[in-house]
There are 2 protein chains.
Amino acid sequence: MSREFRRAMPLLPISMVMQLTELTARQIRYYEEHKLIEPARSEGNRRMFSLDDVDALLEIRELLDQGINMAGIKKVFDMRKTNNVKSSNKLSISDAELRAILREEMQQAQIMQKASLRQGDLSRFFQVKGE
Amino acid sequence: MSREFRRAMPLLPISMVMQLTELTARQIRYYEEHKLIEPARSEGNRRMFSLDDVDALLEIRELLDQGINMAGIKKVFDMRKTNNVKSSNKLSISDAELRAILREEMQQAQIMQKASLRQGDLSRFFQVKGE
DNA sequence: AATACCATGTTAGAAAAAATAACATATAAA
DNA sequence: TTTATATGTTATTTTTTCTAACATGGTATT
């Protein structure tokens, strides 16, 4: 419980998140606008991000790199959310479904050959899920 | 590599550290002046604190609460440092864990102290959207 | 081809946070 | 009492972040 709490704790200013995710402030705010993340706000209205937020942003970046657009990313996030509710644990069926959606979205997106950066996972810096 | 690296990573602005430790900015800077902590600096010269820094500050606060003055705290810190080098991990690790536990308990206490929403755990510190 | 939309860049102006530095002060030590 | 400690307070400047608006290159649609 407390580990989850820590990961959900809003601690980081946007500058740090920019560095960790290699996203611009504009992008981060845009994704918030589209409800992909919902960072907390400080008293003075500054966004404060949790490690969970950073995770989400890293995943967004990864999906973007794969040529998936906002609509697709939203779908992926929604599916993940509902899947988590149902089978509170790891995937297998959900994984297959997810791949299906990904393929679909990738087709529609006419992927261009972007050198696929390997996913910059938070595990470089933080304890993730397992530990 | 990762665990220590993560905990040593400078992520937090001073405002967060103030809330986590319940120390004033003045105090935190004063302890830095006395070399009890050495937070990193951002490009623009802002102090960025690691979780290790927060740990140290929590311990400082604890010792202060016990009536120990700066000189005493310095000594304690020095002893711990040399102990870490000499008797390697066994002692220091358990000690770090102890502090971690203490911190968790504090957090838990803060949670309990207030019936809160899932993301509202820190709502005395932050204004969370939709609250 | 022309148009519209999407995701992001850029810029301006305002507000908040944080830095340094100086001076103030209550308590403890000498 | 005088001095030293540890922290408060205030002023000023710099950095960071915010919102909002407009700009733009690439896709998709018509």
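Numbers restart at 1 for each chain; the letters A, B, ... are given by sequence-line order, proteins then strands. Keep in mind the model is a prediction, meaning the values are calculated, not measured.
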Report yes if at least one side-chain N or O of A/R47 is closer than 4.0 Å to OP1 or OP2 of D/dT19; otherwise report no.
yes

Please report the distance, rounded to the nearest Å, between CD in A/E33 and C1' in D/dA21.
13 Å

Can you tell which of B/V17, B/T21, B/L20 makes a side-chain contact (heavy atoms from CB on, under 4.5 Å) with B/F49?
B/V17

Here the distance between atom C1' of D/dT5 and atom CD1 of B/I60, to the nearest Å, is 15 Å

Considering only heavy side-chain atoms of A/R29, the closest of D/dT7, D/dT19, C/dA18 is D/dT19

Hey, is CD on B/Q66 packed in by over 12 heavy atoms from elsewhere, all under 6.0 Å?
yes

I want to check something: taking the side chain as every heavy atom from C-beta on, are B/R80 and B/V76 in contact at a cut-off of under 4.5 Å?
yes

Under 4.0 Å from OP1 or OP2 of D/dT15: is there any side-chain N or O of B/S42 that close?
no

Report yes if at least one side-chain N or O of A/Y31 is closer than 4.0 Å to OP1 or OP2 of C/dA7; otherwise report no.
no

Could you tell me the separation between the CE atom of B/M70 and the CG atom of B/L64, rounded to the nearest 0.5 Å?
5.5 Å

Interatomic distance, B/Q27 CD vs D/dT9 P [rounded to whole Å]:
11 Å

Which of the following nucleotides, D/dC18, C/dA18, D/dG8, is nearest to the side chain of B/S15?
C/dA18

Which residue is it: B/E32, B/E33, B/E38? I am looking for the one with a salt bridge (charged side-chain N to carboxylate O under 4.0 Å, His left out) to B/R47.
B/E32

Check the distance between C/dT8's P and A/I73's CD1 and give it to me in whole angstrom.
8 Å

Nearest-nucleotide check on DNA chain D, A/P13 vs B/R46; residue mapping nearer the 5' end is B/R46

Considering just the side-chain nitrogens and oxygens of B/Y30, establish if one lies under 4.0 Å of OP1 or OP2 belonging to D/dA6.
yes

How many Å lie between CE on A/M70 and C1' on D/dA28, as a whole number?
17 Å

Measure the CZ-NZ distance between A/F77 and A/K35 for me, rounded to the nearest 0.5 Å.
15.0 Å

Are B/I37 and B/I28 close enough that some pair of their side-chain heavy atoms sits under 4.5 Å apart?
yes

Double-helix bend of the helix from C/dA1-D/dT30 to C/dA30-D/dT1, axes at both ends from 5 pairs, round to 10°, gives 20°

Minimum heavy-atom distance between A/P13 and B/M48, given as atom pair plus value
CG-CE, 4.4 Å

Of the listed nucleotides (D/dT16, C/dG9, C/dT20), which one gets closest to any side-chain atom of B/N45?
C/dT20

Pairwise 5' ranking along DNA chain D for A/R26 and B/G44, keeping only the more 5' one:
B/G44

Protein-nucleotide distance (B/F49, atom CZ; C/dA17, atom P), rounded to Å
16 Å

Rounded off to whole Å, could you give me the CE-to-C1' distance for the A/M18 and C/dG9 pair?
12 Å

Quick one: is D/dT19 close enough that its OP1 or OP2 comes under 4.0 Å of any side-chain N or O from A/R41?
yes

Integer-rounded Å distance: C/dC6 P and A/K74 NZ
9 Å

